[in-house]
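Remarks on the structure that follows.
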Amino acid sequence: MCVQKEILARSHSADEVVLSYFDAMELLNSLEGTNTRLISWEGRILHRNGNYGHSQRFQGTCDLSEMPIGSALALVRNTIMQSRAEWDENPEVDGGDLLFCLTLEA
């Protein structure tokens, strides 16, 4: 749980869990085998000036709350990896970075 708190402390938002690719993947790995439900993710763009906003191309997933926890985690991990690879190949915003807003069960 300590690892999760450290990762969550690096969120780009005080209101939501908005993480870099590596922090998002580390958080997902730390959730493996827990009862924490991952509801969805959506892409955010970190602009050069430090602001961030919603991605138009990387929409993430819809509500996964009815899916088994392990399956939802695998789907989110795979779609985040695919989105990051697509971003690296053809970024939506030059000089920006793709962030990942994760919604976890409260």
Side-chain angles (χ1 to χ4, degrees):
M1 190 61 114
C2 186
V3 170
Q4 291 174 3
K5 286 183 181 181
E6 289 176 21
I7 298 167
L8 295 174
R10 293 191 294 263
S11 177
H12 289 263
S13 170
D15 301 323
E16 300 176 293
V17 179
V18 181
L19 301 171
S20 69
Y21 172 75
F22 295 107
D23 281 343
M25 295 307 285
E26 188 175 355
L27 181 64
L28 295 174
N29 290 337
S30 77
L31 295 176
E32 200 66 55
T34 70
N35 289 325
T36 302
R37 183 169 294 285
L38 186 57
I39 305 299
S40 65
W41 78 269
E42 60 183 44
R44 301 288 172 86
I45 298 173
L46 178 62
H47 298 273
R48 277 184 237 223
N49 64 6
N51 293 331
Y52 75 94
H54 292 272
S55 169
Q56 297 300 308
R57 283 185 30 212
F58 302 99
Q59 296 291 308
T61 62
C62 59
D63 184 344
L64 304 174
S65 61
E66 297 299 317
M67 186 179 277
I69 291 173
S71 298
L73 190 57
L75 177 63
V76 168
R77 183 181 288 117
N78 288 336
T79 55
I80 283 178
M81 288 189 308
Q82 179 181 356
S83 294
R84 177 59 186 227
E86 290 175 19
W87 176 276
D88 288 346
E89 187 73 26
N90 183 21
E92 185 174 339
V93 173
D94 288 332
D97 195 17
L98 181 61
L99 301 178
F100 302 90
C101 181
L102 302 170
T103 304
L104 305 169
E105 185 175 66

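Please read all numbers here as calculations on a predicted model, not as lab measurements. All residue numbers in this chain count up from 1 along the given sequence.
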Candidate pair Arg57 and Trp87, rule side chain to side chain contact (heavy atoms under 4.5 Å, CB included), full reasoning: CA-CA 9 Å; Arg57 283 185 30 212; Trp87 176 276; 5.7 Å; no
Where at least one partner belongs to residues 2-51, residue pairs that pass ring-ring contact (aromatic ring centres under 6.0 Å, His included), sequence neighbours excluded: Trp41-Phe100
Residue pairs passing the salt bridge (Lys or Arg N to Asp or Glu O under 4.0 Å) test where at least one lies in residues 90-103, sequence neighbours excluded: Arg84-Asp97
Residues that, via side-chain heavy atoms closer than 4.5 angstrom, fall in one hydrophobic cluster with Leu46: Val18, Tyr52, Leu99
Enclosure of Asp88 CG (heavy-atom neighbours >12, cutoff 6.0 Å): yes
Residue pairs, two or more places apart or on separate chains, that pass salt bridge (Lys or Arg N to Asp or Glu O under 4.0 Å) and touch residues 61-70: none
pair Glu105-Ser65: side-chain heavy atoms closer than 4.5 Å: no
Side-chain (Ser11) to main-chain (Leu8) donor-acceptor, under 3.5 angstrom: no
Derivation of the side chain to side chain contact (heavy atoms under 4.5 Å, CB included) call for Leu38 and Leu102: CA-CA 7 Å; Leu38 186 57; Leu102 302 170; 4.3 Å; yes
Ile80-Ile69 co-clustered via ILVMFWY side chain contacts under 4.5 Å: no
Leu64/Arg37 under side chain to side chain contact (heavy atoms under 4.5 Å, CB included): CA gap, chis, key distance, verdict: CA-CA 9 Å; Leu64 304 174; Arg37 183 169 294 285; over 6 Å; no
For the student: nearest non-hydrogen atoms of Cys62 and Ser40, plus distance: O-CB, 3.6 Å
Those residues that, when tested against Arg44, pass salt bridge (charged side-chain N to carboxylate O under 4.0 Å, His left out) (two or more places apart): Glu16, Glu42
Side-chain heavy-atom pair Gln56, Ile45 within 4.5 angstrom cut-off: no
ILVMFWY network linking Ile39 to Val76, side-chain heavy atoms under 4.5 angstrom: no
Whether Ser30 side chain and Leu27 backbone form a donor-acceptor pair below 3.5 Å: yes
Sequence neighbours excluded - salt bridge (Lys or Arg N to Asp or Glu O under 4.0 Å) pairs with any residue from residues 20-29: Arg10-Asp23, Arg10-Glu26
Beyond-backbone contact of Leu19 with Ile7, side-chain heavy atoms, under 4.5 angstrom: yes
